2 protein chains.
Amino acid sequence: MSVSKKQLILDAALVLFVDNGIDGTSTASIAKKANVANGTLFHHFQTKADLVHALYLMIKEQFAQQISPNNANGNSIEQLASNVWNDAIDWSVANPNKLQFFKLVIHSHILSATIRREIMNQQLGFLEQLIIAGQQQGIFAQYPLDLILDNCQGQFLSVSSFFIERPQLTGDIKYREAAFKMFWNTLG
Amino acid sequence: MSVSKKQLILDAALVLFVDNGIDGTSTASIAKKANVANGTLFHHFQTKADLVHALYLMIKEQFAQQISPNNANGNSIEQLASNVWNDAIDWSVANPNKLQFFKLVIHSHILSATIRREIMNQQLGFLEQLIIAGQQQGIFAQYPLDLILDNCQGQFLSVSSFFIERPQLTGDIKYREAAFKMFWNTLG
DNA sequence: GTCTATAAGTGGATAGAC
DNA sequence: GTCTATCCACTTATAGAC
């Protein structure tokens, strides 16, 4: 067995959640798509909400790994911001289901409001540092940080979805540059 | 009877949808909260999806009425944009459930993808005109219109939610001006 | 139009053998 | 860990009396 049943369940769940919504996907259908027995699913995940949360944590880790700026030294704020933004967009386009799942989780009621808020904060930690640095250097306007972060998340989710729905535009430099420019202008 | 049963059902549905999600709300619970029999609900709305759609149409009409710029003449683009943006934020803060319901519908799978896309386009019609005018006057950058619209919707939904979750900041001029500035900067 | 009663099916979750 | 079999509460929607 090359892939664990637990992983098969998570993989099947992701596809079904994106296609039918989280509430619109039954645990039975997940087990069936994963070629796993119903009971096996509940052996690995106590409840459906636990499954959703575990799937989120798995994807979040992958996302964070791709996005975290690994060579911050010597780059301008704008270059750093461009790297982070475009890495995030690239990740979304390469993993459309995972980005869509993020959106589903944020708006779903299956996880508590507390967990959903925690989700958002964790995901934007790196961005927060960058904005604070930019404000200290006088590059960015002194808008309230919490408002900036919510605004940026809104832009990221909507623009990611835009590119996911139009794969032929992903490599279009005019669109890609415009997307970053709009994001960047927001901060100034 | 001052309010029709149909309206009572719509009112009850809105509250329950926002609290528990659309899929998380049963038709039985809607009927119960509306003090109406189960069968009455299905007399007025053939299916649950029909009820959701009808509720959306009702709210959309109210929103459009508040937002549509009624005195476009003689104002600068920036003044027009400010009016539209702040009217939209004011409406959201005054009708938090209705704004949250918009978000639920956009991300719900209960309505077909076609209808959801139509929803977005309709809601941003007035904004499209304003952006085109601004581009023609050279005030805005020549970013692709479809990308701008998706970006703006993302900003509006996230910033509206921000103010709804923090009512004490609604009247805070620093926050309100920052919110508009960020939106406005995006376009330049 | 409104009600009661109920159909017909699905949901998440459990028990217990292997 | 994995499976089969099953419980039972709940869901959307309908039938038919008033």
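Numbers restart at 1 for each chain; the letters A, B, ... are given by sequence-line order, proteins then strands. Here the structure is a predicted model, which is why all the values come from computation and not from measurement.
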Problem set entry | Note, Asp19(B) side chain near Thr25(B) side chain (heavy atom, < 4.5 Å) | no

For this session: Take atom NZ of Lys32(A) as the centre, draw a 6.0 Å sphere, and report whether it contains more than 12 heavy atoms from other residues, nucleotides or ligands.
Result: no

Exercise. In terms of ring plane angle, is the pair Tyr175(A) and Phe162(A) parallel, tilted or perpendicular, where the classes change at 30° and 60°?
Worked result: parallel

Exercise. Tell me, which pairs form a ring-ring contact (aromatic ring centres under 6.0 Å, His included) where one or both residues lie in residues 19-58 of chain A, sequence neighbours left out?
Worked result: Tyr56(A)-Phe102(A)

For this session: Mind jotting down which residue pairs meet the salt bridge (charged side-chain N to carboxylate O under 4.0 Å, His left out) criterion with at least one end in residues 167-182 of chain B? Sequence neighbours excluded, please.
Result: Asp90(B)-Arg176(B)

Between the protein and nucleotides 14-18 of chain C, which nitrogen or oxygen pairs are less than 3.5 angstrom apart?
none

For this session: Rounded off to whole Å, could you give me the CG-to-C1' distance for the Leu41(A) and dT4(D) pair?
Result: 15 Å

Exercise. Under 30°, 30 to 60°, or over 60°: which ring-plane class applies to Trp85(A) and Phe156(A), parallel, tilted or perpendicular?
Worked result: perpendicular

Exercise. Between Gln153(B) and Ser158(A), does a side chain to side chain donor-acceptor pair (under 3.5 Å) hold up when you go through it step by step?
Worked result: CA-CA 8 Å; Gln153(B) 162 154 302; Ser158(A) 60; over 6 Å; no

Problem set entry | Minimum-distance pair of heavy atoms, taken over all atoms of Ile77(A) and Ala133(A) | CD1-CB, 3.9 Å

Problem set entry | Test item: side-chain donor near acceptor, Asp87(A) and Gln66(A), under 3.5 Å | no

For this session: Return the value, rounded to whole Å, for the distance between atom CD1 of Ile9(A) and atom C1' of dT2(D).
Result: 10 Å

For this session: Indicate whether OP1 or OP2 belonging to dC3(C) is found under 4.0 Å from a side-chain N or O atom of Lys5(B).
Result: yes

For this session: Taking only the side-chain nitrogens and oxygens of His43(B), find out if one of them lies under 4.0 Å from OP1 or OP2 of dC3(C).
Result: no

Problem set entry | Whole-Å gap separating P (dT2(D)) and CG (Leu8(A)) | 9 Å

For this session: State, to 0.1 Å, how close Phe101(A) and Leu14(A) come at their nearest heavy-atom pair, and which atoms those are.
Result: CB-CD1, 3.6 Å

Exercise. In whole angstroms, how far is the C1' atom of dT2(C) from the CZ atom of Phe45(B)?
Worked result: 15 Å

Exercise. Counting side-chain heavy atoms from CB outward, which of dC3(C), dT4(D), dA13(D) is closest to Ala37(A)?
Worked result: dT4(D)

Seminar exercise, completed: With the side chain defined as heavy atoms from C-beta on, His44(B) is closest, among dG1(C), dC3(D), dT12(D), to dG1(C)

Exercise. Is there a residue in residues 21-36 of chain A whose heavy atoms reach under 4.0 Å of DNA chain C, and which residues are they?
Worked result: Thr25(A), Ser26(A), Thr27(A)

Exercise. Glu78(B): what forms a salt bridge (charged side-chain N to carboxylate O under 4.0 Å, His left out) with it, not counting sequence neighbours?
Worked result: none

Exercise. Using a heavy-atom distance cut-off of less than 4.0 Å, which residues of residues 101-109 of chain B contact DNA chain D?
Worked result: none

